[in-house]
Amino acid sequence: MNWLVTVAPAVAVTLIAVLVTKVGWRWFYIAAVTSKRDLTALWAYIKLLRLTKRYERENLTIADIFQMQVKQNPNKYAIISETQQWTFRQLDEFSNRVANLFHAQGFRKGDVVGLLLENRAEFVGIWLGLSKIGVITPLINTNQRGPSLLHSITVAHCKSLIFGEGFKDAVEDVRNDIPADVPLYQFNNEANGEVIATARDMTTLLETVERRKVATTADRANHHDRLVYIYTSGTTGLPKAAVISHARYLFIAAGINYTMGFRQDDIFYTPLPLYHTAGGIMSMGQSVLFGSTVAIRKKFSASGYFADCVKFQATVGQYIGEMARYILATPASPNDRAHQVRLIFGNGLRPQIWPQFVERFNIPKVGEFYGATEGNANIMNNDSTVGAIGFVSRILPKVYPISILRADPDTGEPIRGTDGLCQLCEPNEPGVFIGKIVKGNSAREFLGYVDEKASAKKIVHDVFHKGDMAFLSGDLLVADERGYLFFKDRTGDTFRWKGENVSTSEVEAQVSNVAGYKDTVVYGVTIPHTEGRAGMAAIYDPNNEVNLEVFAEKLAKVLPTYARPQFLRFLTKIDMTGTFKLRKVDLQKEGFDPTTIKDTIYYQTPKGRYEMLTPEIYEKINAHELRF
Ligand SMILES: *[C@@H]1O[C@H](CO)[C@@H](O)[C@H](O)[C@H]1NC(C)=O
Ligand SMILES: *[C@@H]1O[C@H](CO)[C@@H](O)[C@H](O)[C@H]1NC(C)=O
Ligand SMILES: *[C@@H]1O[C@H](CO)[C@@H](O)[C@H](O)[C@H]1NC(C)=O
Ligand SMILES: *[C@@H]1O[C@H](CO)[C@@H](O)[C@H](O)[C@H]1NC(C)=O
């Protein structure tokens with residue numbers, strides 16, 4: 001026994017010494033501060049995989065899972081809004097009617113029927129109903145008009161289109177370009193309303209069909225069949241239709257439920273469009289799949305946000321970063337703190353406004369997530385770490401196969417080592433974010449777009465060993481020492497000025513704050529005879545509220561000289577796509593030429609003041625008489 005007493009400490013010391021030299025002291029510290037976070041997440045992930053695997057084995061569709069909720073809570077509200085209150089049974093019966101009507105109209109499994117409708121209970125009822133007969137529903141962005149609307153219809157190979165009464169004009173504008181054998185169905189909020197000449201009256205037709213059950217079972221879908229298409233708008237080009245299968249819908253909705261700790265008695269509030277993943281799956285999925293109530297709104301209103309939360313008694317609110325900024329810019333109101341919201345979740349809440357937001361609106365918890373609709377790389381920040389969009393485990397890095405790779409910040413192309421493989425970034429080193437693709441695993445699968453060429457561009461091969469594949473997010477992220485991840489920029493959005501790399505999203509956030517939370521985009525423009533790109537900020541200020549002197553003064557306090565915009569452009573009109581994002585590409589192309597741009601443009605003088613950029617000044621810049 002005696003020898004043990006003397007030997008044991010020696011052995012222990014040697015062991016620790018070996019470990020320390022191998023992994024370093026730092027490792028123990030990191031492990032100590034992050035292991036609880038990582039193990040909780042791992043446990044949630046295992047439970048999530050168990051659930052999705054079980055439903056996969058049972059070959060369940062979204063409608064099958066929804067049916068369980070109907071059975072359990074037929075009279076609970078599934079969807080509520082200013083004008084509607086639908087129970088689970090109502091939603092079920094409406095969707096049965098849709099299934100029966102479209103089956104009677106000749107639609108069969110695998111057919112594609114587009115949907116163009118604003119946020120209302122029937123929106124969910126229609127895609128859910130169509131899915132009951134195996135029909136796939138492209139969810140068309142309601143802001144699309146003309147050529148882009150037509151593109152959305154044709155790229156998805158729609159065999160038919162359902163549109164709401166509010167979209168009559170938009171549809172008539174493109175009617176002649178839609179093949180005549182594509183029938184149109186107009187959905188009116190009331191039966192026997194007016195219908196355009198080339199469409200059928202869906203509302204009236206619906207009244208004539210059976211609502212208690214779906215008459216046919218011949219066209220049942222499989223767990224891995226396509227459910228809906230969701231359009232994603234890249235920074236360039238027309239919208240792409242991303243494929244969402246039943247499995248993927250389940251994975252997204254269950255994934256956020258299991259990581260954020262939602263409860264069935266939570267009431268969710270989302271003013272986000274139901275045709276996107278955030279509103280349509282992450283929020284609405286909590287109703288359809290898990291039996292919670294979801295409150296919706298036709299159109300987002302900044303001043304209406306917390307007023308709605310009070311009215312609907314919401315306990316969970318959804319946001320996107322731009323909305324949070326608009327809400328923060330509203331005048332103080334008693335509703336600011338009169339609500340019962342215990343958690344807000346969403347994407348894009350920038351660190352520059354995060355603390356102000358939670359303080360003013362008394363928000364106990366923020367669940368920020370990151371993940372592309374079409375991608376397989378999803379991460380979440382569940383512990384309110386300010387600014388983090390998720391984490392990767394430092395002690396178990398391989399469990400959840402997402403990584404940050406060294407990459408060219410302009411193209412997002414990974415940088416390869418001498419062995420031809422990609423390289424992982426160190427903590428604090430920005431790189432491109434990827435998710436490893438594993439075929440046949442709904443967590444790791446990449447279903448891509450309807451258009452296969454677009455899919456190929458998003459895949460990188462031979463990542464960690466020959467023959468493997470990963471989804472390239474196109475976003476630059478950086479991890480800190482504890483593995484928390486922070487968004488840096490989109491690839492290609494970083495530009496170089498005076499030898500420094502400028503992150504446009506960082507500058508956007510600061511400029512917007514200083515300008516009073518206004519919509520801002522920042523981009524680099526080239527100046528003749530000058531190296532790199534000069535920063536230019538376009539600020540939406542229709543009422544001329546920005547005082548340039550105060551603006552310049554405040555900006556100098558938050559941004560280094562090289563990052564401050566050399567040019568400012570004040571916009572009075574903006575073309576918002578459905579995503580609340582200004583069209584950066586177009587603005588960048590237009591540059592800073594005051595002879596072609598109608599908006600007022602300012603340039604920064606060497607003293608740091610902003611002065612009007614006149615055609616004379618513009619000449620001088622081009623002639624290199626005025627330098628930056
Ligand atoms: C799932 O169900 C469908 C329709 O009932 C059937 O055709 C298919 O073979 C099933 N798939 C599996 C894997 O059980
Ligand atoms: C998320 O946070 C909640 C507390 O807010 C906790 O109960 C839950 O376990 C956490 N989930 C994960 C996956 O970390
Ligand atoms: C998922 O959602 C349901 C209903 O909202 C809830 O009852 C359940 O507890 C949630 N699961 C987790 C792991 O949070
Ligand atoms: C800017 O980015 C380039 C390309 O990644 C890199 O080589 C350079 O060191 C960076 N410069 C600074 C100042 O960070």
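Atoms within each ligand, like the ligands themselves, are counted from 1 in listed order.
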Report yes or no: is the cationic atom of Arg37 (NZ for Lys, CZ for Arg) under 6.0 Å from the centre of the six-membered ring of Phe391, at an angle within 45° of the ring normal? yes
I want to know whether Phe262 and Phe290 have ring centres closer than 6.0 Å. no
So does Tyr269 get a backbone contact from the side chain of Gln318, meaning a donor-acceptor N/O pair under 3.5 Å? no
Distance-only, no hydrogens or angles: does the Gln356 side chain make a donor-acceptor pair with backbone N or O of Leu328 under 3.5 Å? no
Is the backbone N or O of Ile62 less than 3.5 Å from a side-chain atom of His246, with the two atoms forming a donor-acceptor pair by type? yes
Taking the six-membered ring for Trp, are the ring centroids of Phe433 and Phe487 within less than 6.0 Å of each other? no
Please tabulate, one line per pair, the protein N or O atoms found under 3.5 Å from any N or O atom of ligand 2, giving the distance to one decimal.
{"from": "ligand 2", "atom 1": "2 (O)", "to": "Lys365", "atom 2": "NZ", "distance (Å)": "2.9"}
{"from": "ligand 2", "atom 1": "2 (O)", "to": "Asn382", "atom 2": "OD1", "distance (Å)": "3.2"}
{"from": "ligand 2", "atom 1": "2 (O)", "to": "Asn382", "atom 2": "ND2", "distance (Å)": "2.4"}
{"from": "ligand 2", "atom 1": "5 (O)", "to": "Lys365", "atom 2": "NZ", "distance (Å)": "2.7"}
{"from": "ligand 2", "atom 1": "11 (N)", "to": "Thr259", "atom 2": "O", "distance (Å)": "3.1"}
{"from": "ligand 2", "atom 1": "11 (N)", "to": "Asn382", "atom 2": "ND2", "distance (Å)": "2.8"}
{"from": "ligand 2", "atom 1": "14 (O)", "to": "Asn382", "atom 2": "ND2", "distance (Å)": "3.0"}

